[in-house]
Each structure stands twice: as C-alpha cells, then as structure tokens.
Amino acid sequence: MTLTAVEKSLSEALSQSLNRVYGFSPAPFALQETRREFSGTFTAVVFGWAKDLRLSPEVVGQAIGEDLVKTCTLVSGFSVVKGFLNMELNAPVWHSLFLTIRDDSAFGCKPISKEAPIALVEYASPNTNKPLHLGHLRNILLGHSVAKLLAADGQRVKRVQIINDRGIHICKSMLAWQKFGEGETPQSSGLKGDHLVGKYYVAFDAAYKAEVAQRMAQGSSEEEAKKSAPLLVEAQDMLRAWENNDPAVRHLWSTMNGWVYEGFNATYDRLGVSFDQNYYESDTYLLGKSDIERGLANGVFYRREDGSVWIDLTSDGLDEKVVLRKDGTSVYMTQDVGTAIQRSKDYNMDSMTYVVGNEQDYHFKVLFLILKKLGYDWADRLFHLSYGMVDLPTGRMKSREGTVVDADDLLDEMEQTAEALSEELGKLEGMPTQEKKDLYRTLGYGALKYYILKVEPTKRMVFNPEESIDFNGHTGPFIQYAHARIQSLLRKGQRVEYDVHSISWDAREEELVYQIAKFPSVVSAAANSHNPSLVAQYVYDLVKVFNGYYQNISILNAETPQIAAFRLDLSATVAYLLHKGLDLLGIEAPQRM
RNA sequence: GGCCCCGUAGUUCAACGGAUAGAACGAGCGUUUCCUAAACGCUAAAUCCCAGUUCGAUUCUGGGCGGGGCUACCA
C-alpha cells in the first residue's frame, strides 16, 4: 500500500461516514497532515461541513470520528480539536506502508518508457567573454536538478545550452587581447581560459572608458564620445569582419572561444553537470528569419512602411514588438523563435523548460506567444523557469564594480572550508589522501548547492560573501552527515529475518515511515512545479525525524536481533532516500565523514 | 509614467485560506563511560501599514509605504 492510496481510501471513508451519519455528501476535499503537537497522521477540516449542516464543528467531528473508527479498518483512533478531526492509523497500515517501500528498489521514481514524453531543459547558457559567477551557478544548479526531477518523473530528458559565442562583447575581448595581450595563452599564463578571456574583456572596458574620458575632456558630449571612441569603432569593424568570414578574425575567435570552453568545461566537471547538446549562437543567429517571413504571409506579423517587421500583442495585454529590423537583420527574439523551431526539428520535444533569470519574464511571454501564434502545438508546453537574482547584501552584483562572486573562487573556498572543518573534527583517520580530497569536494559543494537550491527558485536570494556558507544546521552537510551515520550503522549491524507484524512500533517509527512514504509525491510535485527546493526541504525534514529517532532509540543494541534488523532496514530506507533526494539536487552522499 | 515580482525573528529561509506562524545561523543554557556531538534538547526573538471578503487571512481583494526588475530596430 502507498501513502496516496491510504489517503484516498481515508477520504472516501470520511465521505461515507458523513453520508451515513448526516445524509450529507461533501464537495471534494483534501486531507492535511496532522500538526506535530497533536496525535494522529491525517486531519480533516470540519468547519465547512459543520457550516452546511448548521451544527458545531466539534459535534460533527466527534460523530464522524466515532463512525469512522467503527467502519474504517485504516483508522485506530481519533481526536477532535476545535474543528479539526485528527485520525490515527492502524498498526497494519504502517506495516504495509513499510513493506511496500522496503521491497521497492526504485521507490519514488517512475520508469522511463520508450514512449515517454521528451522534455528539453535549457540552462547555463553563458557568454564566452567572461567566467561563470554566482548567478550562473544558481542557473546551472537549478537546470541540472530540474532535469533530474523530470527524469525521475518518467520523462525522457535532453539537456541543452545555448552558448552566446558571437557579438560585439566577444569582439571586445578579442580586440583587447590583440592589442594588449602580447600573445598570452592559458598555458603561458597559467590562467584558466575563461578567466584569461574575461581579463581582456575587463581590459577593454578600462581602455575604452579612458578614451571616452579623454574625448569628453576635449569637448565631446558624453554620447558622442561613447559612440566614436576608436576602440569601439574598431570592435564594430571586427564584428563586421567576423560576419564576413574574415579568416584572421575567425581564427582568433575560435582560438579564444576554445580557451573559454576549456574553462567552462572544467567548472561544469567540478559541478558534475553536463549537456546532451550545445547550441552555438554563431550557428543559430541567422535562424528565425524564414519563420518570420512565413508568419508575415500568414498575417501573424506585419511590415511597417520603413520595412521593419512587427507583431502586435496589444490584444494579449502586451506591446508591439519588433522581430526584424528595417535593414532586415534579426533581433534576439528572432533568433529565439528560430532556435526553438530548430530544436523541435532536432528532438520533436513535447515540452521545453528555459532556465533564465526573471529579468527576462517579458521576453519569454512574448516568445511563447509568437510561437503559439505561429501554430506550434508544443508552444503550450514551454516553460520559463524564471528564477530570482542572487543579490549581495548591498544589492545587485556588478562586474564593473568588481563585486561579482566568481564561481571557481567560490568552489575553491568551499573545498578549503570543508578541509579545515574536517581536520578540526579529526574523524578521517586512516582515510587515503585522494579519498579525503574527494570528500572535501563532496561536502563543500554539498553545502554550496544545498544553500542555493533550498530557496524557492522564483525568489530573489541574498548571498553575503563576508559570511562563509555554513556546514551546521539547515545545510547540505547536515543531510550528508545523517547519511554517513546510517552507512556506519549498516557496516556494523547484522541483518536477520524478522516479522514486521510481530514487532511493536515506537511512535517515532511510525513518524519515520510516514515521512519516508511521502517521497514519491514530493518528487512529482517538485517535477511538476520545476521546484527543487521542495526536495531540499523534504530531505531536511526526513533527517530531522531520523536524528530524533537515532538520538532516542538504540538501533544496533535493540532488545532483540529481529528488532535491530527491522530498525536497520528502516534506517537503510532513510539512507536510500537521502542518497536519492540529494542526487536529485546534484549532491553526493558520503559513506563516511 | 506604464507593466511585472517581492516585503515574515538581529540575519538567511519555511508555512494547498486552517489549529499556538515553523526551521537554521547568531545569543544564552544543557546532553558524550551509549550506534559518528558536522548531532540532540531547552530559553528569548517576527507576518511593513490601513481597510475589505471569510467561521478562519502571512496567504485572496483594494489602497498606501518600502525594495527590485522590465519598459532598445542591445544581446
């Protein structure tokens, strides 16, 4: 028996009781969890029924409860507090829940069939002119986790990213490298490729600003100075040369982008994320034009006198939006339309999730509307996972002010903190050096990933670089620690045959099984809402309950070997779910720590 | 100006319209001859303001106040 099955039967039994006692058929209702301070597992809210019946909630609750205990084998007892009917489950229900879970090796995950829907998840999507920062980290961790969640929900998932590898910003770092680089390479400098290129992007900005200031000192207006600064003009020339396939520019471009990819891949590897396909903007930036032309013929778009092409979304509560400039060139929107259509050709996907910050909410509203108006049936199953920014206590991170938190630096710092902490605790005696290093990563990254993923994606979150991320309390390592302790139990304990029905359960064991049994519905809720924080919250709650159990109930030294074996199985199930839950968040579960 | 998000302990985060608003960090106190004390227990501490709907509002509606974002023929 599963928990949802129990809940369903219980709801039906309640309806029948209402009918039997009062001749009353309630509207569909949901049960809620009984609050921890009261005894019971499920609670029915009686207020609404009492109002319809014109009776006091206590009277109705009492009458229904009495009928339920007599007629429903699931329920062993009940209590009525105000208008709340708290119901306790019978021991065999607990036994059955436990056995179902214990014997299901894939508990909580749906199998992926050959006909399962295909879900594309786009995430990361960096520019190739600077290294990854904390904002990318939130994006990447969310995307990676959502991809895992959708797979656990039984979908065929494809992970993709679009790499913004062309454009004026790329030319800026190329130009600066040409002018100031003196042939510097990742090898010669020892710098990671993406950091090296980022350095020249910054160098461009500095030199450009100096030029602007100089011109303004000579009497130019700010606007004029910004437009006519030689460096900018040169960068624009370089972009044109790139578009005209100038061999030298293209060579420099592919060399520097190559450095950046090496750098990005190193960071992706550290994070344990990967992609099934990369889309490059240099390949896709011309896509979409023909789709616009087609839509123009169908009346989706219209052409203005100056030749530019627009879509009128005022009847949808939005504005008018340009999709082709008067010179016939694309805008960002055009490319995104083209890329989406390209992906439908590549994958014939049923749905697509874009992991992109909430500053682009408007953009995606428009994009989805356009695709719908162009008649694509999958346009209804596009989802913008719009996450909030990661802010500093002082506000937004600004690269120009040097307040950006670099992803690699942060990862380094997490490893170091994990090492220092582990050394201090001194529990790793006898562990080989390499294993220790791996463990520091597991713990450090676990702390970081959990810190980011426990927050609901849509919400803005604050990161304070002054305060290092915690390893105690509501953290990744807290959950990892529970897992490691259970592994230690499993190494020491003896598994013998036992009969669950003949063991008398502690209330904590029922609570634990209840918590365990919730897992599948948490996974599907998280997948449906694209929300890893539900899983993060779940594993935390599970550990809280388990730690209370561990603290108060002796597992290895139970009264009999049979009881010990039962408790070990219960603990093993918890460990399995912690492992599985953490994995859905992209976090590893250590054997020891 | 228009449109869209968000205001919860000192701080970082929770709470399908339900019970006495939960955690964690930080502060204070306690638990180890016992399965890993990165743990467990106890104490103090919060819904921005004003109305409305409701048996019941942190949650829904309206109005303030405060913060952020979008509002380019940029990407």
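We use all heavy atoms of the structure for the numbers below, so side chains are in, but hydrogens, waters and symmetry mates are not. Lettering of chains follows the sequences in order, A, B, ..., and the numbering in each one begins at 1.
- Rounding to whole angstrom units, NE2 of residue A/His483 and P of B/rA39 are separated by 17 Å.
- At the heavy-atom level, A/Ile162 lies nowhere under 4.0 Å from the strands shown.
- Residues satisfying the ring-ring contact (aromatic ring centres under 6.0 Å, His included) criterion with A/Phe368, sequence neighbours excluded, are A/Tyr354, A/Phe364.
- Between A/Ile469 atom CD1 and B/rU11 atom C1' there is a gap of 15 Å when expressed in whole angstrom units.
- Of the possible donor and acceptor atoms, none in the side chain of A/Asn531 sits under 3.5 Å from a partner among the backbone N and O of A/Ala525.
- Just one of A/Asn164, A/Thr128, A/Asp165 meets the side-chain hydrogen bond (donor to acceptor under 3.5 Å, both in side chains) condition when paired with A/Ser282; it is A/Asp165.
- Nucleotides B/rU58 and B/rG17, compared at atom C1', are 11 Å apart to the nearest Å.
- Base engagement by A/Leu421 is indicated by at least one non-hydrogen atom pair under 4.0 Å involving a base atom.
- B/rG18 and B/rG56 are spaced 14 Å apart, taking the P atom of each and rounding to whole Å.
- Spacing between B/rA51 and B/rG68 at atom P, rounded to whole Å, works out to 28 Å.
- Contacts of A/Val45 with the nucleic acid, taken as non-hydrogen atoms under 4.0 Å apart, include base atoms.
- Heavy-atom contacts from other residues, nucleotides or ligands closer than 6.0 Å to NE2 of A/His579 number 12 or fewer.
- Checked by distance alone, A/Ser533 brings no side-chain donor or acceptor within 3.5 Å of a matching partner on the base of B/rA14.
- Taking atom CG on A/Asn531 and atom C1' on B/rA15, their separation rounds to 14 Å, with Å as the unit.
- Distance from the side chain of A/Lys82 is smallest for B/rU20 among the nucleotides B/rA14, B/rC13, B/rU20.
- For A/Asp470 and A/Thr475, the side-chain atoms include no donor-acceptor pair closer than 3.5 Å.
- A donor-acceptor contact shorter than 3.5 Å is absent between the side chain of A/Asn278 and the backbone of A/Gln161.
- Of the N and O atoms on the side chains of A/Glu88 and A/Thr41, not one donor lies less than 3.5 Å from an acceptor on the other residue.
- Among the heavy atoms of the strands lying under 4.0 Å from A/Ala484 is at least one base atom, whether or not backbone atoms are also near.
- Side chain of A/Gln32, nearest nucleotide from B/rC16, B/rU12, B/rU36: B/rC16.
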Subject >> Residue pair A/Tyr387, A/Asn358: steps toward the side chain to side chain donor-acceptor pair (under 3.5 Å) verdict >> reply: CA-CA 5 Å; A/Tyr387 63 91; A/Asn358 64 10; over 6 Å; no
**OP:** For the pair A/Tyr450 and A/His474, evaluate side chain to side chain donor-acceptor pair (under 3.5 Å) and give the outcome as yes or no after the intermediate values.
**Re:** CA-CA 9 Å; A/Tyr450 191 88; A/His474 190 182; 3.0 Å; yes
Subject >> salt bridge (Lys or Arg N to Asp or Glu O under 4.0 Å) assessment of A/Lys209 paired with A/Asp205 >> reply: CA-CA 6 Å; A/Lys209 270 192 187 132; A/Asp205 200 52; 3.2 Å; yes
Set out, line by line, the N/O atom pairs under 3.5 Å between protein and nucleotides 55-60 of chain B.
| residue | atom | partner | partner atom | Å |
| --- | --- | --- | --- | --- |
| B/rC55 | OP1 | A/Lys51 | NZ | 2.4 |

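- Spacing between B/rC55 and B/rC42 at atom P, rounded to whole Å, works out to 38 Å.
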Original post:
Can you give one letter per nucleotide of nucleotides 67-75 of chain B, 5' to 3': B if a protein heavy atom sits under 4.0 Å from the base, S if only from the sugar-phosphate, - if neither?
Top reply: --SS--BSB
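- Counting any heavy atom pair closer than 4.0 Å across all strands shown, A/Met593 reaches a base atom.
- Taking atom CG of residue A/Asp361 and atom P of nucleotide B/rC5, one finds them 9 Å apart after rounding to whole Å.
- Rounded to whole angstrom, the span from the CG atom of A/Asn552 across to the P atom of B/rA37 amounts to 13 Å.
- Between B/rG26 and B/rC35, the distance separating the two C1' atoms is 31 Å to the nearest Å.
- Side-chain atoms of A/Arg166 never come within 3.5 Å of backbone atoms of A/Glu243 as a donor-acceptor pair (strictly under, hydrogens ignored).
- Within 4.0 Å of A/Asn86, counting heavy atoms only, lies at least one base atom of the nucleic acid.
- Atom CD in A/Gln537 sits roughly 13 Å away from atom C1' in B/rU12 (whole-Å rounding).
- Partners of A/Phe478 according to the ring-ring contact (aromatic ring centres under 6.0 Å, His included) rule, which considers only residues two or more places apart in sequence or in another chain, are A/Tyr540.
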Original post:
So A/Lys436 and A/Glu419, salt bridge (Lys or Arg N to Asp or Glu O under 4.0 Å) or not? Walk me through it.
Top reply: CA-CA 8 Å; A/Lys436 277 189 189 172; A/Glu419 176 169 6; over 6 Å; no
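- A/Leu443 has its CG atom 12 Å from the P atom of B/rA39, to the nearest Å.
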**OP:** Convert the base pairs of RNA chain B into dot-bracket notation, remembering that pairs crossing earlier ones are written with [ ] and that bases paired across to another strand are shown as |; include only Watson-Crick or G-U pairs under 3.5 Å.
**Re:** (((((((..((((....[...)))).(((((.......)))))....(((((..]....))))))))))))....
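- B/rG18 has no base stacking with the ring of A/Phe84 when judged by centroids under 5.5 angstrom apart and an interplanar angle below 30°.
- Of the C1' atoms belonging to B/rU59 and B/rG1, the separation is 31 Å, rounded to the nearest Å.
- Side-chain contact annotation: A/Glu415 with A/Tyr445, donor-acceptor N/O pair under 3.5 Å present.
- Summary of the strand contacts: A/Glu456 and A/Pro477 both lie near RNA chain B, and taking for each the nucleotide with the nearest heavy atom, the more 5' one is attributed to A/Glu456.
- Of the possible polar contacts, none joining the A/Arg304 side chain to the A/Val309 backbone as a donor-acceptor pair under 3.5 Å is found.
- For the C1' atom pair drawn from B/rA27 and B/rU20, the interatomic distance equals 24 Å after rounding to whole Å.
- Closest-nucleotide positions on RNA chain B for A/Val543 and A/Phe463 were compared, and the one nearer the 5' end corresponds to A/Phe463.
- Residue A/Ser386 is out of contact with every strand shown, counting any heavy-atom pair closer than 4.0 Å.
- Rounded to whole Å, the P atom of B/rU43 lies 30 Å from the corresponding atom of B/rC50.
- Comparing B/rC13, B/rC35, B/rC40 by their closest approach to the side chain of A/Leu556 singles out B/rC35.
- If you take CZ of A/Arg485 and C1' of B/rC35, they are 9 Å apart, rounded to a whole angstrom.
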Original post:
For nucleotides 21-32 of chain B, read 5' to 3', which letter fits each nucleotide if B means a protein heavy atom sits under 4.0 Å from the base, S means only the sugar-phosphate is that close, and - means neither?
Top reply: -SSSS-------
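- What you find for A/Thr329 and A/Asp327 is that their closest heavy atoms are OG1-OD1, 2.6 Å.
- Side chain of A/Asp316 to backbone of A/Leu318: no donor-acceptor contact under 3.5 angstrom is found.
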